[in-house]
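Atoms considered below: every heavy atom in the structure, side chains included; atoms not considered: hydrogens, waters and symmetry mates.
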Amino acid sequence: MDDIDKIIAEYKQTPFEIYDIFTPHTGIVSLMVKKGEKVKGITREGSEKKGTLIYTILRQGNLKNIYAPIDGEVVEILEKVDRQFVEAKTKIMSIKHTLSKEEVVNKVLERFLYIFKAPETARYHFTQELNKKIEQKGLQGIIINPGEEILIMSRMKRDIPLIYEGEPGIIYAVYFKSNVTIMQGMPLLGICPPGQVEFISKLVRKIQLEWEKDAAW
C-alpha cells in the first residue's frame with residue numbers, strides 16, 4: 001500500500017465529522033430535535049435558506065432560533081437543559097456529518113497545500129500582472145515566490161495589494177470569485193510546492209475514482 005492508499009484509507013475509516021453545538025449566550029433553551037434525528041444544514045444557493053430548527057434560546061424576552069449549521073444526524077444531545085437556563089458556550093448537542101466527495105478532496109488539499117486565507121472580509125482579485133501570466137501560462141505554469149504581490153483586496157472603496165509570504169509554489173486551487181465577498185479567515189488560494197503537483201493531482205484523482213466505486217464512504 002503506497003502513501004496515497006494510506007491517506008485514502010484514513011478517510012474511509014472515518015468518513016464523517018462531529019460538529020459540537022454551543023449556546024451563543026445565556027438564556028432558556030428549548031430543544032427542537034431528538035437524538036437520532038436527521039437535520040438539514042443552512043444552504044446558500046442564491047439566497048440563504050434556513051436549515052432544521054434545532055433549538056431556541058430566550059434571553060430578556062428576545063427569542064433566537066438556532067438552525068443546524070450542516071446536514072447530519074444528532075448523535076448526542078443534552079436533554080436535561082430543555083426549558084432550563086444555561087450559561088453561554090454550553091454544549092447542547094453534537095451532529096455527525098458524513099463527508100461528501102468534494103469535502104474529502106478539500107480536506108486533502110488543505111492538508112497538503114499552503115492555504116492563503118483572507119485577512120479581512122472583502123472582495124479579492126488577482127493583480128493585473130499575475131492575471132496576465134495566468135492567461136498566458138495557466139495557473140500551474142506559474143511559480144509564485146515570497147515577497148510578490150499576488151492579490152488585491154477591495155474593501156470600503158479601497159484596493160490594498162496583498163503580498164505572498166509562504167514557500168515558493170504553484171497556485172493549485174482558487175477558492176474565491178472576484179465579484180463575491182469572502183469572509184475573514186476563509187481560504188483564497190491553495191499553493192502547492194512544485195515537486196508535489198503530480199502527487200496531489202494523483203491523490204485527488206484516486207479519491208474521485210474510489211468515491212465512484214464506493215459511494216457509501
Side-chain angles (χ1 to χ4, degrees), residues 7-124 173 175-177 180-190 207 210-211 214-217:
I7 292 165
I8 291 175
E10 289 178 27
Y11 289 99
K12 283 190 172 183
Q13 288 169 6
T14 54
F16 57 84
E17 285 186 336
I18 302 295
Y19 285 78
D20 293 330
I21 308 298
F22 297 88
T23 53
H25 50 67
T26 59
I28 298 173
V29 164
S30 296
L31 299 175
M32 297 296 171
V33 292
K34 297 179 180 179
K35 184 176 180 180
E37 190 169 332
K38 303 284 187 180
V39 296
K40 295 290 290 182
I42 296 172
T43 59
R44 292 176 176 83
E45 299 171 359
S47 60
E48 183 173 297
K49 298 178 182 178
K50 295 175 181 176
T52 303
L53 179 64
I54 54 177
Y55 73 92
T56 63
I57 184 165
L58 178 68
R59 181 176 68 170
Q60 297 179 346
N62 295 317
L63 185 69
K64 179 181 287 187
N65 293 329
I66 306 296
Y67 300 92
I70 199 161
D71 295 350
E73 178 186 346
V74 178
V75 291
E76 181 183 355
I77 191 163
L78 193 62
E79 294 181 353
K80 68 179 182 180
V81 302
D82 193 27
R83 317 291 174 179
Q84 301 298 315
F85 180 87
V86 300
E87 298 293 338
K89 305 299 181 184
T90 299
K91 180 180 171 182
I92 296 295
M93 66 185 72
S94 298
I95 297 173
K96 181 179 178 180
H97 170 71
T98 301
L99 296 170
S100 68
K101 175 173 64 177
E102 290 75 18
E103 287 171 327
V104 174
V105 169
N106 285 337
K107 283 190 167 296
V108 166
L109 293 181
E110 289 174 6
R111 178 173 169 179
F112 290 100
L113 303 181
Y114 170 77
I115 304 299
F116 190 88
K117 297 181 179 180
E120 297 181 33
T121 298
R123 295 187 179 189
Y124 295 84
Y175 298 105
F176 69 91
K177 293 181 180 179
V180 176
T181 298
I182 305 298
M183 301 300 290
Q184 182 179 21
M186 295 299 289
L188 295 172
L189 301 172
I207 289 172
E210 290 289 326
W211 185 278
D214 186 7
W217 274 21

Establish, for the pair Lys89 and Phe22, whether the NZ or CZ atom is under 6.0 angstrom from the six-membered ring centre and no further than 45 degrees off its axis.
no
Do Glu110 side-chain atoms and Lys107 backbone N/O form a donor-acceptor pair below 3.5 Å?
no
When you check the gap from the basic side-chain N to the acidic O, do Arg111 and Glu10 get nearer than 4.0 Å?
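Result for this pair is yes, salt bridge flagged.
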Please give me the minimum heavy-atom distance between [X] and [Y], naming the atom from each residue.
X: Ala173; Y: Leu113; answer: CB-CD1, 4.4 Å
X: Ala88; Y: Pro24; answer: CB-O, 4.4 Å
X: Ile7; Y: Phe112; answer: CD1-CZ, 3.4 Å
X: Arg123; Y: Thr181; answer: NE-OG1, 3.5 Å

Residue pair His25 / Glu87, side-chain donor-acceptor N/O under 3.5 Å
no
Can you tell me if Asp20 and Ser94 form a side-chain donor-acceptor pair at under 3.5 Å?
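On atom types as modelled, these side chains qualify, holding a pair under 3.5 Å.
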Are any of the side-chain heavy atoms of [X] and [Y] separated by less than 4.5 Å?
X: Ile77; Y: Leu31; result: yes
X: Val29; Y: Ile92; result: yes
X: Pro119; Y: Gln184; result: no
X: Tyr67; Y: Ile54; result: no
X: Val81; Y: Tyr55; result: no
X: Val39; Y: Asp71; result: no
X: Met93; Y: Val33; result: yes
X: Tyr175; Y: Leu109; result: yes

Dump the intermediate steps for side chain to side chain contact (heavy atoms under 4.5 Å, CB included) on Lys64 and Arg59, then the final yes or no.
CA-CA 8 Å; Lys64 179 181 287 187; Arg59 181 176 68 170; over 6 Å; no
Looking at [atom1] of [X] and [atom2] of [Y], how far apart are the two atoms once the value is rounded to the nearest 0.5 Å?
X: Thr90; Y: Gln84; atom1: OG1; atom2: CD; answer: 12.0 Å
X: Asn106; Y: Ile207; atom1: CG; atom2: CD1; answer: 10.0 Å
X: Ile115; Y: Leu188; atom1: CD1; atom2: CG; answer: 10.0 Å
X: Lys34; Y: Asp82; atom1: NZ; atom2: CG; answer: 10.0 Å
X: Thr56; Y: Leu63; atom1: OG1; atom2: CG; answer: 5.0 Å
X: Tyr19; Y: Ile21; atom1: OH; atom2: CD1; answer: 9.5 Å

Can you name the one residue among Lys96, Lys38, Lys35, Lys40 that meets salt bridge (charged side-chain N to carboxylate O under 4.0 Å, His left out) with Glu73?
Lys38
Of the options His97, Glu102, Lys101, which is the one that meets Leu99 in a side-chain contact (heavy atoms from CB on, under 4.5 Å)?
His97
